[in-house]
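These notes are about the structure you will find just below.
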Amino acid sequence: MQVRANISACRIQVLPQTETTLLGAAILAGLGCGVYADLSAAGGAFKNEDGVIVEPDTVIHTIYRKKFARWQNLLERLSLKAGSEKQFS
């Protein structure tokens, strides 16, 4: 989760539940059956404060942003090169 937090520069709450997909399905089922008035009420009923918060590392995020910019630049150059080769074939 630390890598995700660093890449996105967002705080991530890691829930103690291992079956979060099942939990999400249960929340939506309760909403669909009318147990909860809206999505906020459904999510609030299952809110758990026991999770761990993973904070992003801004220094590492900056490194990822620079690497991503280099990757985008490379893709652009390769696309331009591939386009020019098609014109001559």
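Keep in mind that what you see is a predicted model, and the values were worked out from it rather than measured. Hydrogens, waters and symmetry mates play no part in the numbers below; they use all other heavy atoms, side chains included.
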> Rounded to the nearest 0.5 Å, how far apart are NE2 of His61 and OG1 of Thr58?
Replying inline: 8.5 Å
> What is the distance from atom CD1 of Ile12 to atom CZ of Arg4, rounded to the nearest 0.5 Å?
Replying inline: 7.0 Å
> Can you name the closest pair of heavy atoms from Cys10 and Pro56 and give their distance?
Replying inline: O-CD, 3.7 Å
>> Quick check on the hydrophobic clustering: are Val3 and Phe68 connected, directly or via other members, by side-chain heavy-atom contacts under 4.5 Å?
In response: no
> Passes side chain to side chain contact (heavy atoms under 4.5 Å, CB included), Leu39 versus Leu28? Steps please.
Replying inline: CA-CA 8 Å; Leu39 192 55; Leu28 292 177; 4.0 Å; yes
> Got a second to check how far Leu15's CG is from Gln13's CD, nearest 0.5 Å?
Replying inline: 5.5 Å
>> Would the distance check show the side chain of Glu55 and the main-chain N or O of Ala5 forming a donor-acceptor pair, the cut-off being under 3.5 Å?
In response: no
> What distance do Ile7 atom CD1 and Gln2 atom CD have between them, rounded to the nearest 0.5 Å?
Replying inline: 10.5 Å
> If you look at every heavy atom in Leu31 and Asp38, which pair is closest and at what distance?
Replying inline: CD1-C, 3.4 Å
> Which distance, rounded to the nearest 0.5 Å, do you find between the CG of Asp57 and the CD1 of Ile63?
Replying inline: 8.0 Å
> Can you tell me how far CD of Gln17 sits from CG of Leu22, rounded to the nearest 0.5 angstrom?
Replying inline: 10.5 Å
